[in-house]
Amino acid sequence: MKKNFLILIGLGKNQNKLLKHINLKKFKLIGVDRFLPNNIKDKLYYFVRSSIYDKKKVIKIFKKLFLNNSVSSILYRSSGPSILTAFELENFFNIKRIDKNLAYSILSKSYFYKILKNNKISALKSETSKKYENVRKKENLVIKPDAPIKGKKFIYYSGLNKVKKKYFLQAKKNSFNSKVNLSNYIEGRDISTFYLVNNYKKKIKKISHIEEINKFDKNGSIYSFGICSPVSGIKTSKLIKKEIIDKKIINLFKTYYGIISITSKISKNNIIPYEINIGLSGDRFADNIYPSISRNSLYNIDLNMSLFKQITKVDIIKNKFCGYFMNKKINKSSIFYKLVEKKLWNHIL
């Protein structure tokens, strides 16, 4: 049977942007979600009504469809619990792309830490707890959902105070595994690096470094001020060192191909990885930043690898900058970082 079926996990507005870049004459699209948006009904060959988090139900439905070996690829954008559904579907259709360690490293920050620790890669040390009583007296902790359901939500810093129970419970409620992740606060900058990877051919190509501007307010809640690329004010040698560490991490997942990103905290003395994602999970980077600094589409780059295992040229415009600060687009690095320095810190690493 010809492999001309694609499975799209999630039919929200971000996932739907992929449809503009898929040749629907060549591929038949099967969508999975709880609701079917009216604007894409005529684009789907078949609709599977299910929560994208309910992997058992999704697999049960696909077993009845008898697609056998006709599925070419599983497409997804989410970095949340739906990655487990993608992993199970790839196993079912014998697509060797996401392995178990990668899927659970994306889902759970504590799992990712254990993978890095077991492979002797320095990382942001973390532990988990389901009970507030185990952590209430501790200080200087960053608490967050271990397996976030809703992106960067319910992240708090206790400072020199005891962990507030309401913050702990909110983080637990937004965690798919009902665990709260606990780590020490580290001063530094949050740098994510996107790569195009074909581990079958041992090729890893950097797309871009990006910086997320995050800060905790006086109440301990995190606030994201913006994002930009390329990164300024960090020595090239330090970014190269980050790339070396990132490639060691990527090489742990032998079968993966596609876009992957590693996020690290960069301080004066250390580079500390703490998060991994795959695909077009960085919505603002894919939809706002990359189109402003490049001559081609990140969607096409991702699809060419996902569907055909082809590495597309990453056509970054030299010295082109794009940033969003307080939701305002800024096209000059100097202006962007002056705003950052004024708002957040008095020094640049």
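Side chains included, hydrogens not; waters and symmetry mates left out as well; all remaining heavy atoms used. Just so it is clear, the structure is predicted and the values come from calculations on it, not from any experiment. Here, residue 1 is the first one in the sequence, and each next residue gets the next number.
Here the CZ-CD1 distance, from R295 to I316, works out to 9.5 Å after rounding to the nearest 0.5 Å. Between the CZ atom of R34 and the CZ atom of R49 there is a distance of 11.0 Å, given to the nearest 0.5 Å. Of the inter-residue distances, the one linking H209 atom NE2 with I266 atom CD1 reads 8.0 Å to the nearest 0.5 angstrom. Between the OH atom in Y290 and the OG atom in S297 there is a gap of 8.0 Å [rounded to 0.5 Å]. Atom CG of residue N101 and atom CD1 of residue I106 lie 11.0 Å apart, to the nearest 0.5 angstrom. Here OG of S158 is found 11.0 Å from OH of Y167. Values are rounded to the nearest 0.5 Å.
Between N119 and I115, the shortest heavy-atom distance links the atoms ND2-O, 2.8 Å. In this structure, S175 and A147 approach most closely via the heavy-atom pair OG-N, 3.1 Å. Across every non-hydrogen atom of P273 and I245, the tightest pair is CG-CG2, 4.0 Å. Across all their heavy atoms, D33 and I52 have their closest contact at CA-CG2, 4.1 Å. When all heavy atoms of C322 and N288 are compared, the pair lying nearest together is SG-O, 4.1 Å. Taking each heavy atom of N134 and S129 in turn, the nearest pair found is ND2-OG, 3.5 Å.
One hydrophobic cluster, built from ILVMFWY side chains closer than 4.5 Å, holds both L6 and M305. When hydrophobic clusters are built by joining Ile, Leu, Val, Met, Phe, Trp and Tyr residues whose side-chain heavy atoms come closer than 4.5 Å, directly or via intermediates, L141 is not grouped with F216. No continuous path of hydrophobic side-chain contacts links I186 to I271 [ILVMFWY only; heavy atoms under 4.5 Å]. Linking ILVMFWY residues whenever their side-chain heavy atoms come closer than 4.5 Å, directly or via other members, places V58 and L36 in the same cluster. Under the 4.5 Å side-chain heavy-atom criterion for Ile, Leu, Val, Met, Phe, Trp and Tyr, I234 and I272 are members of distinct hydrophobic clusters.
Within 6.0 Å of NZ in K173 there are 12 or fewer heavy atoms belonging to other residues, nucleotides or ligands. Environment of CZ in F308: crowded, with over 12 heavy atoms of neighbouring residues, nucleotides or ligands closer than 6.0 Å. Taking a 6.0 Å sphere around NZ of K125, one finds it holds 12 or fewer heavy atoms contributed by other residues, nucleotides or ligands. Residue K205 qualifies as enclosed at atom NZ: its count of foreign heavy atoms under 6.0 Å is above 12.
Defined by atom type and a distance below 3.5 Å, a donor-acceptor pair is present between the side-chain atoms of E212 and S192. Remark: the S70 side chain and the N68 side chain contain no N/O donor-acceptor pair separated by less than 3.5 Å. N38 and K41 are linked by a side-chain donor-acceptor pair at a separation below 3.5 angstrom, with hydrogens and angles left out of the test. Under the 3.5 Å distance criterion, with hydrogens and angles disregarded, a donor-acceptor pair is assigned to the side chains of S108 and D146. No side-chain donor from either of S267 and N269 sits under 3.5 Å from a side-chain acceptor of the other. In this model, a donor atom of one side chain and an acceptor atom of the other lie less than 3.5 Å apart for K329 and S292. A donor-acceptor contact closer than 3.5 angstrom links the side chains of S208 and S229.
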### Task
Any chance you could lay out the side chain to side chain contact (heavy atoms under 4.5 Å, CB included) test for I204 and I260, step after step, and finish with the verdict?
CA-CA 10 Å; I204 302 175; I260 193 167; over 6 Å; no

### Task
Let me see the working for N181 and Y113 under side chain to side chain contact (heavy atoms under 4.5 Å, CB included), right down to the final yes or no.
CA-CA 11 Å; N181 187 278; Y113 167 67; over 6 Å; no

### Query
Would K265 and L124 satisfy side chain to side chain contact (heavy atoms under 4.5 Å, CB included), going step by step from the backbone distance to the final call?
CA-CA 8 Å; K265 181 74 74 172; L124 181 63; over 6 Å; no

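In terms of the salt bridge (charged side-chain N to carboxylate O under 4.0 Å, His left out) criterion, residue partners of K242 (sequence neighbours excluded) are, by chain and number, D246. In this structure S105 satisfies the side chain to side chain donor-acceptor pair (under 3.5 Å) test with no other residue, sequence neighbours excluded. Y195 is linked by a ring pair (Phe, Tyr, Trp, His ring centres under 6.0 Å) to nothing, counting only residues two or more places apart in sequence or in another chain. Judged as a ring pair (Phe, Tyr, Trp, His ring centres under 6.0 Å), and not counting sequence neighbours, the contacts of Y185 are Y157. In this structure, the ring pair (Phe, Tyr, Trp, His ring centres under 6.0 Å) partners of Y257, at least two apart in sequence or on a different chain, are Y200. The ring pair (Phe, Tyr, Trp, His ring centres under 6.0 Å) search around F112 returns none, not counting sequence neighbours.
Taking the side chain as every heavy atom from C-beta outward, K254 and D99 never approach each other to under 4.5 Å. Using a 4.5 Å heavy-atom threshold, the side chains of L67 and F93 count as touching. Proximity of L75 to I22: side-chain heavy atoms (C-beta onward) are separated by under 4.5 Å at one or more points.
For F336 and F321, the distance between ring centers is under 6.0 angstrom.
Electrostatic pairing of E127 and K138 counts as a salt bridge here, judged by a charged N lying under 4.0 Å from a carboxylate O.
Results of the side-chain hydrogen bond (donor to acceptor under 3.5 Å, both in side chains) test with Y337 over K332, E211, K342 single out E211 as the only residue that passes.
In this structure, F87 and Y104 have perpendicular ring planes: the angle between them is above 60°, well past the 30° mark. In this structure, Y156 and F154 have tilted ring planes: the angle between them lies in the 30° to 60° band.
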